[in-house]
S.K.: 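Below you'll find the structure I mean.
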Amino acid sequence: MKMYDIIQKKRDKCKLSKEEIEYFVNGYVKDEIPDYQSSALLMAIYLNGMTDDEITNLTMAMANSGEMLDLSGIEGKKVDKHSTGGVGDKTTLIVAPIVASVGCKVAKMSGRGLGFTGGTTDKLESIEGYQVELPRKDFINQVNQIGISVISQSENLAPADKKIYKLRDVTATIESIPLIASSIMSKKIASGADYIVLDVKTGEGAFMKTFDRAKELANKLVNIGNLAGKKTVALITNMNIPLGYEVGNSLEVKEAIKVLNGEGPTDLTNICIELATCMVMLCKNIDKSKAEELVKESISNGSAFNKFKELVEYQHGNVSWIENPDLFPKAKYNIEVSSNTSGYIYKMNAEKIGKISCSLGSGRERKEDKIDYSAGITLLKKTGDFVNKGDVLAILHTNLEDSIDVAKEKYLEALEISDLKPEKEKLVYDIVM
Ligand code: URA
């Protein structure tokens, strides 16, 4: 087999066989196929697409390129969730303990933030002492004992995806539905859960800018999951507006604690209830209304919050910070951004807000970059709110004095203020199962 022929075939819009796809994935992981040929193939896939069979074969080849996590040592059904990435998306911190508190098993490997989107692992590490690396044996034992563990994704989980993702990032081939679908599902399939709930984000702050593209991606993801024998459900949700009012690692943990205590903002609370309901419905094989009742009860009776504390304690985090979130260190500068005009916030650009938060220190451009857990943005006004000239729109939290002026300017640019009141946006557009 020759890589040249595989590229030519995809360039000419022909279907690749399972063997050709495996030849590419395995050869690229072993450094036997160079970046320039892999880039050419990725661009041909980007331009000409893939059939469902090809996407499934690519997914399985990437999943099989590293460790396939064996969760058979955990008693009961295991359920996983994944978000395609958003701004202020701290749902895993909330949903995982809710679901575990009603008896489902959550053995979760989470990623780190890259670019303008955050990652659960970084958020958890903002809690003093929290260990995101655990030996497999301890990970499995913990889930058997308390029903939940959230650790960082192992380097050897779908290594082909890691390598291909990096190449996509520099060859303008990220926004391809077959490539995104296989990237996400290879990791989910290698993670070993029985059920998967996906949060496919659409809008300004997401990879899928339109509902139609998001729906196409959701259909592919669900199809691949089901073909791999894992019952999969995808929610298509709004990412025009950041989720909740906090963006940045420890700020988001504090907001997650509020939701777990029943005191969180409506948008974030509602989306977490939807996601958790789908997870419980699948895992317990019960109808949606019964699942929703269990989820809401776990928040109102405190069991979800207690499960989060148990998780933190088990992974050596300082639980007193969870009980008293004022103990999280604060940034040195906490700067107000005021409106220079009156009107309704007509639009907020979630992607720009995510990037501003990174510039304040909350994110990383490269894997090796250090992040500042206390940095980020507290949004005081969101889309649909009326503001008067001089009202405070947001607070920028940072230790980087030099970043403040530009961040303030950019924050104002990220908002569109108008005389028109925007229509209320839906939070969940559709559910694909
Ligand atoms: N998330 C992933 O894991 N992969 C993609 O390609 C896009 C989002």
Side-chain angles (χ1 to χ4, degrees), residues 21 24-25 28-29 38-39 41-43 45-47 49-50 54-56 58-63 65-67 69 80-87 89 91-92 108-122 152-193 196-210 213-225 228 230 232 234-237 239 243 275 350-351 354 363-364 367:
I21 289 172
F24 156 62
V25 170
Y28 188 53
V29 173
S38 301
S39 308
L41 180 63
L42 292 174
M43 187 54 82
I45 294 172
Y46 180 95
L47 295 172
M50 279 184 138
E54 286 176 297
I55 301 175
T56 305
L58 180 58
T59 306
M60 292 317 293
M62 294 205 292
S65 68
E67 177 186 11
L69 207 60
D80 198 357
K81 82 162 267 278
H82 184 87
S83 156
T84 57
V87 178
D89 184 357
T91 54
T92 295
K108 179 135 188 62
M109 284 195 167
S110 285
R112 294 193 181 274
L114 194 62
F116 68 90
T117 60
T120 303
T121 303
D122 296 324
S152 81
Q153 215 159 273
S154 97
E155 276 302 307
N156 198 26
L157 193 88
D161 172 60
K162 286 194 183 69
K163 206 166 170 207
I164 293 172
Y165 193 91
K166 273 192 202 143
L167 194 59
R168 286 168 58 206
D169 207 16
V170 292
T171 54
T173 51
I174 290 278
E175 293 92 347
S176 146
I177 287 178
L179 296 177
I180 295 179
S182 52
S183 163
I184 292 175
M185 293 312 285
S186 62
K187 288 173 289 211
K188 291 295 105 183
I189 289 167
S191 300
I196 303 169
V197 171
L198 300 159
D199 183 0
V200 179
K201 304 268 181 218
T202 181
E204 298 275 5
F207 288 123
M208 298 291 109
K209 302 289 181 208
T210 65
R213 295 265 299 160
K215 176 101 186 201
E216 195 184 334
L217 175 63
N219 283 331
K220 302 270 185 238
L221 294 166
V222 169
N223 192 25
I224 301 170
K230 293 168 190 296
T232 305
L235 277 76
I236 303 176
T237 66
M239 194 23 79
L243 261 183
L275 288 165
E351 179 172 346
R364 54 169 85 74
K367 240 172 85 182

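In this chain, residues are counted from 1 in sequence order. Both ligands and their constituent atoms are indexed starting at 1 by order of listing. The analysis underlying the following values was restricted to heavy atoms, covering all of them including side chains, and did not include hydrogens, waters or symmetry mates.
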S.K.: Under a 4.5 Å cut-off applied to non-hydrogen side-chain atoms, are Glu155 and Lys162 in contact?
M.R.: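 Glu155 reaches Lys162 side chain to side chain.
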S.K.: For the residue pair Leu69 and Ser191, what are the closest heavy atoms and their distance?
M.R.: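 Where Leu69 meets Ser191 most closely, the heavy atoms are CD2-O, 3.5 Å.
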S.K.: Is Thr84 close to ligand 1, meaning an N/O of one under 3.5 Å from an N/O of the other?
M.R.: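 In this structure, Thr84 places no N or O atom under 3.5 Å from an N or O of ligand 1.
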S.K.: Which protein heavy atom lies closest to atom 4 (N) of ligand 1, and at what distance to 0.1 Å?
M.R.: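 Atom 4 (N) of ligand 1 sits closest to the protein heavy atom Ser183 OG, 2.6 Å.
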S.K.: Atoms of ligand 1 less than 4.0 Å from Lys187 heavy atoms?
M.R.: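 Those atoms are 2 (C), 3 (O), 4 (N).
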S.K.: So is Lys163 actually on top of Tyr28's ring, under 6.0 Å and inside 45° of the axis?
M.R.: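 Yes - Lys163 lies over the ring of Tyr28, closer than 6.0 Å to its centre and within 45° of its axis.
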S.K.: What's the separation between atom OG1 in Thr202 and atom CE in Met239, rounded to the nearest 0.5 Å?
M.R.: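 The OG1 atom of Thr202 sits 10.5 Å away from the CE atom of Met239.
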S.K.: What protein heavy atom sits nearest atom 8 (C) of ligand 1, and how far off is it?
M.R.: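 Result: Phe207 CE1, 3.6 Å.
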S.K.: Give the atom numbers and elements of ligand 1 that come within less than 4.0 Å of a heavy atom of Ile184.
M.R.: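 Going through ligand 1 atom by atom, the ones under 4.0 Å from Ile184 are 1 (N), 2 (C), 3 (O), 4 (N).
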S.K.: How many angstroms lie between CD1 in Ile196 and CG in Asp80, if you round to the nearest 0.5 Å?
M.R.: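 Rounded to the nearest 0.5 Å, the CD1-CG separation comes to 6.5 Å.
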S.K.: Quick one: which ligand 1 atoms are inside 4.0 Å of a heavy atom on Arg168?
M.R.: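 That gives atoms 6 (O) of ligand 1.
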